[in-house]
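This report refers to the structure that appears directly beneath it.
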Protein chains: 2
Amino acid sequence: MIKLSKKIEYGILALQYIAIHSDKIISAKEISEQMGIPYEFLSKTLQQLMKKGLIQSQQGIKGGYVLSKKPSDLTVKDIIIALEGKASFLDCFVSSKGLVCDRSPNCTIKNPMERLQSKVMQVFGTTTIEEIAAN
Amino acid sequence: MIKLSKKIEYGILALQYIAIHSDKIISAKEISEQMGIPYEFLSKTLQQLMKKGLIQSQQGIKGGYVLSKKPSDLTVKDIIIALEGKASFLDCFVSSKGLVCDRSPNCTIKNPMERLQSKVMQVFGTTTIEEIAAN
DNA sequence: ATTATATCCGACTATTGTAATCCGATTTTT
DNA sequence: AAAAATCGGATTACAATAGTCGGATATAAT
């Protein structure tokens with residue numbers, strides 16, 4: 001299905017929340033309670049965003065997360081790639097050289113689908129957290 | 001994941017094949033063999049596309065499928081909606097009035113996500129089978 | 001008429017991916 | 001030392017996708 005996963009949904013919600021409350025450091029617990037997101041799952045998601053450098057973490061009591069970049073420099077595309085590693089419509093595009101799809105190299109939809117995908121990615125790449133936070 | 005399902009992939013491949021060979025009626029078997037798609041699964045998909053009026057069928061020996069519309073009037077969006085009933089990123093947008101998401105009506109990402117979705121849908125809605133068949 | 005080849009249709013199964021949970025370890029402030 | 005937070009792996013539960021099976025119906029050719 002052409003649907004965003006819960007992980008990405010939670011990621012967007014969390015980053016939006018952190019962006020709005022950028023004056024202080026935000027814990028996973030606070031986001032979980034305020035946004036109604038399962039704590040454990042959210043923690044995993046935040047850790048993943050932290051590993052990919054989208055946010056920075058502070059351990060220990062009074063710890064939490066802050067954004068690494070300005071909300072205007074943080075796009076939905078960044079979030080998708082951080083949380084799913086790739087962002088490809090069909091298996092054909094997963095690896096740029098290693099062709100996975102069994103129709104390759106004579107796949108009749110590879111080129112047009114690649115064009116379609118890059119158009120969609122451009123939409124994701126130009127939608128920022130700043131814009132989302134502004135509503 | 002932001003991925004197209006196999007059903008949609010097969011649907012696009014099949015419609016492309018039918019569009020290219022529009023001089024004759026095309027059976028599911030032929031598409032299955034030529035495109036390397038599981039026959040039973042493809043049949044189901046074609047029947048679904050037929051029910052939604054994207055293609056027309058002819059039963060019996062020498063039967064098969066032809067397009068209902070011109071390839072230039074048939075979009076990827078049409079195919080997604082025909083095969084998945086909806087085309088929405090988050091559960092919020094499934095029903096226009098009945099709010100499904102538990103954050104509603106105070107969801108902080110509903111509006112921006114709705115805008116994002118309509119942009120993506122516009123991309124799908126302007127990508128035609130004709131364009132895909134042309135490669 | 002019979003046969004061959006096709007669509008049609010529902011039910012079923014197998015596999016995969018998502019979503020969520022559990023448990024413990026580490027870090028840091030109080 | 002205790003409390004509150006991040007870290008991290010392993011595991012489970014559930015849902016959706018992908019694929020299969022068996023039979024019914026339709027139609028053209030023989």
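These numbers come from the heavy atoms of this one structure, side chains and all, not from hydrogens, waters or symmetry mates. Per chain, numbering begins at 1; letters A, B, ... match sequence-line order.
Taking all atoms of both residues into account, the shortest heavy-atom contact from Tyr17(A) to Ile31(A) is CD2-CG1, 3.8 Å. The two residues Val66(B) and Ile18(B) come nearest to each other via the heavy atoms CA-CG2, 4.0 Å. Between Ala28(A) and Leu46(A), the shortest heavy-atom distance links the atoms CB-CD1, 3.7 Å.
At distances below 3.5 Å, at least one donor-acceptor pair connects side-chain atoms of Ser68(A) with backbone N or O atoms of Gly53(A). Under the 3.5 Å distance criterion, the side-chain polar atoms of Ser32(A) are matched with a main-chain donor or acceptor of Ile37(A). Formation of a donor-acceptor pair under 3.5 Å by the Gln16(B) side chain with backbone atoms of Thr108(A) is found in this model.
Look at CG on Leu4(A): it is 10 Å from P on dA19(C), rounded to the nearest Å. Between the CD1 atom of Ile80(A) and the P atom of dT18(C) there is a distance of 13 Å, rounded to whole Å. With rounding to whole Å, Leu46(B) atom CG is found 20 Å from dT5(C) atom P. The nearest whole Å value for the distance from the CG atom in Leu42(B) to the C1' atom in dA6(C) is 13 Å. Between the CD atom of Gln47(B) and the P atom of dT25(D) there is a distance of 15 Å, rounded to whole Å. If you take NZ of Lys7(A) and P of dG17(C), they are 13 Å apart, rounded to a whole angstrom. Taking atom CG of residue Leu83(A) and atom C1' of nucleotide dT18(C), one finds them 13 Å apart after rounding to whole Å. Atom-to-atom, OH of Tyr65(A) to C1' of dA4(D) comes out at 13 Å; the value is rounded to the nearest Å.
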When you check every protein heavy atom under 4.0 Å of nucleotides 20-30 of chain C, what one-letter string (B, S, -) results, 5' to 3'?
SBBB---BBB-
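In this structure, Val76(A) and Leu4(A) have side chains that are not in contact, with every pair of non-hydrogen atoms separated by 4.5 Å or more. Under the 4.5 Å side-chain criterion, counting only non-hydrogen atoms from C-beta, Pro112(B) is in contact with Asn135(A). Residues Lys24(A) and Glu30(A) have side chains in contact (heavy-atom distance under 4.5 Å, counting atoms from C-beta outward). Two residues are said to be in side-chain contact when any heavy atoms from C-beta on lie closer than 4.5 Å; Met113(A) and Ile12(B) meet this criterion.
OP1 or OP2 of dC8(C) has at least one side-chain nitrogen or oxygen of Ser57(B) nearer than 4.0 Å.
Rounding to the nearest 0.5 Å gives a distance of 11.5 Å between NZ of Lys29(B) and OG of Ser43(B).
Between the two ends of the helix from dA1(C)-dT30(D) to dT30(C)-dA1(D), each summarised by a five-pair axis, the helix axis turns through 10° (rounded to 10 degrees).
Annotation: proximity of residues 26-33 of chain A to DNA chain D (heavy atom, distance under 4.0 Å) is found for Ser27(A), Ala28(A), Lys29(A), numbered in ascending order.
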